[in-house]
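Single-structure report; data block below.
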2 protein chains.
Amino acid sequence: MTNYLPHPATEDIELPAVLTALGDETRLAMIAILARNSEKAMACGQFLQLGSKTALSYHVAKLREAGIVHVRPDGTKRLLTLRRDDLEKRFPGILDSVVASAAVVSHPDDQDWAATTESTGDE
Amino acid sequence: MTNYLPHPATEDIELPAVLTALGDETRLAMIAILARNSEKAMACGQFLQLGSKTALSYHVAKLREAGIVHVRPDGTKRLLTLRRDDLEKRFPGILDSVVASAAVVSHPDDQDWAATTESTGDE
DNA sequence: TTCTTAGTTCAATGATTGTTGAACATTAGA
DNA sequence: TCTAATGTTCAACAATCATTGAACTAAGAA
């Protein structure tokens with residue numbers, strides 16, 4: 001786990017990048033799950049039903065680079081949080097409306113998460 | 001101008017397709033212009049500052065297939081309208097929030113359209 | 001130290017994207 | 001009819017995408 005994990009500053013978050021990042025079924029399912037477990041940090045491993053370790057690593061990077069999630073190392077894990085406030089400041093209403101719609105059109109495997117998943121162990 | 005111009009039914013509009021379609025700078029600029037000239041049909045030619053004829057034809061097809069615009073033949077032209085109501089029914093709030101944000105982060109060449117462009121000649 | 005957990009990096013791969021230019025089709029007008 | 005205006009289709013192309021498996025790194029536990 002080499003590097004620095006760069007995140008764009010709020011004012012550098014770009015709309016096309018955000019929309020493109022959200023325009024993928026796997027990533028949309030991820031942010032829907034993150035939004036549901038609002039403000040609770042989740043590790044990448046919690047999303048393994050959505051793809052392989054490698055694929056998830058790729059998608060998490062995409063979401064991070066687009067400014068949609070914050071990623072914080074915690075031991076061997078990576079804890080993810082939605083950048084709700086930053087996105088709301090930069091592009092008001094978008095995240096909420098996307099999440100609301102994504103919840104309806106959710107991923108096949110994306111069901112009752114808070115129940116089926118053990119505690120994240122975050123702060 | 002050969003074919004039938006298929007549009008998805010409102011209930012068949014898919015969120016990833018919409019977000020992906022909007023996640024392109026050219027297409028984002030197009031819907032920003034369409035939104036600004038609200039409910040006035042615009043021909044593809046009105047967007048030539050954003051790209052070549054061929055490129056626009058491609059982007060219009062993307063927007064149409066995603067369910068974002070309606071395309072109607074009118075003589076040798078194609079008149080575009082935003083599918084505001086359909087999108088609002090299917091994914092409430094998304095189009096408005098995207099358009100509002102896109103207006104701020106607009107395309108370099110996307111300025112005072114209603115002024116610089118002659119009448120569309122629509123119905 | 002050794003083993004396990006959790007995630008990253010890399011190269012390869014096939015699919016999709018957005019652009020171009022040339023040729024074509026369709027409609028309208030002279 | 002001939003011509004202009006407005007888009008479409010096609011093949012080509014470089015670039016990016018999403019996925020895979022193998023190898024690797026780092027942190028924590030035994």
Side-chain angles (χ1 to χ4, degrees), chain A residues 1-7 14 16-31 41-66 69-81 107 117-122, chain B residues 1-7 14 16-31 41-66 69-80 107 109 117-122:
Chain A
M1 290 156 181
T2 38
N3 50 0
Y4 168 59
L5 291 182
H7 296 77
E14 307 218 49
V18 169
L19 295 174
T20 299
L22 294 177
D24 172 271
E25 307 226 24
T26 301
R27 293 190 292 261
L28 203 48
M30 295 179 74
I31 68 106
M42 302 186 66
C44 300
Q46 314 255 140
F47 302 95
L48 273 173
Q49 46 165 221
L50 299 178
S52 66
K53 277 196 312 183
T54 310
L56 288 182
S57 193
Y58 170 77
H59 288 303
V60 168
K62 286 281 170 186
L63 290 171
R64 174 178 49 76
E65 287 159 10
V69 301
H70 182 82
V71 186
R72 165 170 48 98
D74 175 51
T76 70
K77 301 186 178 181
R78 299 288 199 235
L79 295 185
L80 306 192
T81 45
H107 214 265
T117 313
E118 62 271 84
S119 156
T120 323
D122 65 315
Chain B
M1 283 134 188
T2 40
N3 50 3
Y4 168 58
L5 292 183
H7 297 77
E14 307 218 48
V18 168
L19 296 174
T20 298
L22 295 176
D24 173 90
E25 308 226 25
T26 302
R27 292 190 294 259
L28 205 46
M30 294 178 74
I31 68 108
M42 301 187 65
C44 300
Q46 314 253 145
F47 302 96
L48 273 172
Q49 47 167 219
L50 300 177
S52 64
K53 277 195 313 181
T54 309
L56 288 183
S57 191
Y58 170 78
H59 288 304
V60 168
K62 287 280 172 188
L63 291 170
R64 176 177 48 76
E65 288 158 11
V69 301
H70 182 83
V71 186
R72 165 171 47 100
D74 176 51
T76 72
K77 300 187 179 182
R78 300 292 199 228
L79 296 185
L80 308 192
H107 214 264
D109 295 332
T117 311
E118 61 270 83
S119 157
T120 320
D122 64 314

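Per chain, numbering begins at 1; letters A, B, ... match sequence-line order.
At whole-Å resolution of the value, CZ in A:Arg78 and C1' in D:dA26 are 9 Å apart. Taking atom CG of residue A:Leu50 and atom C1' of nucleotide D:dT20, one finds them 17 Å apart after rounding to whole Å. Atom C1' of nucleotide C:dG7 and atom CG of A:Leu63 are separated by 16 Å, given to the nearest angstrom. We find that OH of B:Tyr58 is positioned 18 Å from P of D:dA12, with the value rounded to whole Å. Between the CD atom of B:Glu65 and the P atom of D:dT8 there is a distance of 12 Å, given to the nearest Å. Look at CG on B:Leu56: it is 15 Å from C1' on D:dT9, rounded to the nearest Å. The CG-P distance, from B:Leu48 to D:dT8, rounds to 11 Å in whole Å. B:Asp74 places its CG atom 13 Å from the P atom of D:dT8, with the value rounded to the nearest Å.
OP1 or OP2 of C:dT17 has at least one side-chain nitrogen or oxygen of B:Lys62 nearer than 4.0 Å. Taking side-chain N and O atoms only, B:His59 has no distance below 4.0 Å to OP1 or OP2 of C:dT17. For B:Ser52 and C:dT20, the shortest distance from a side-chain N or O to OP1 or OP2 is below 4.0 Å. Regarding contacts with the backbone of C:dT8, a side-chain N or O of A:Ser57 is found under 4.0 angstrom from either OP1 or OP2.
Listed for the B:Arg64 side chain is a donor-acceptor partner under 3.5 Å among the backbone atoms of B:Pro6. For B:Arg27 (side chain) and B:Ala21 (main-chain N/O), a donor-acceptor pair under 3.5 Å exists by modelled atom type.
Judged by closest nucleotide on DNA chain D, B:Val71 is the one of B:Val71 and A:Asp24 placed further toward the 5' end.
Across C:dG18, C:dG7, D:dG7, the shortest atom-to-atom separation from the side chain of A:Lys53 is found for C:dG7. For A:Thr76, whose side chain is taken as the heavy atoms from C-beta onward, the closest listed nucleotide among D:dT19, D:dA27, D:dG7 is D:dA27. The side chain of B:Thr54 lies closest to D:dT9 when the candidates are D:dT9, D:dA22, D:dT6.
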*Applying side chain to side chain contact (heavy atoms under 4.5 Å, CB included), run through A:Arg78 and A:Val60 and close with a yes or a no.*
CA-CA 10 Å; A:Arg78 299 288 199 235; A:Val60 168; over 6 Å; no
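Among residues two or more places apart in sequence or in another chain, the side-chain contact (heavy atoms from CB on, under 4.5 Å) test is passed with B:Ser52 by B:Thr54, B:Ala55.
Axis orientation changes by 10° from one end of the helix from C:dT1-D:dA30 to C:dA30-D:dT1 to the other, with each end axis drawn from 5 pairs and the value rounded to 10°.
Between atom CG of residue A:Leu79 and atom CG of residue A:Asp74 there is a gap of 4.5 Å, rounded to the nearest 0.5 Å.
Heavy atoms only, all atoms of each residue included: A:Ala66 and A:Ala17 are closest at CB-O, 3.8 Å. Residues B:Leu48 and B:Lys53 approach most closely at CD2-N, 3.9 Å, considering heavy atoms.
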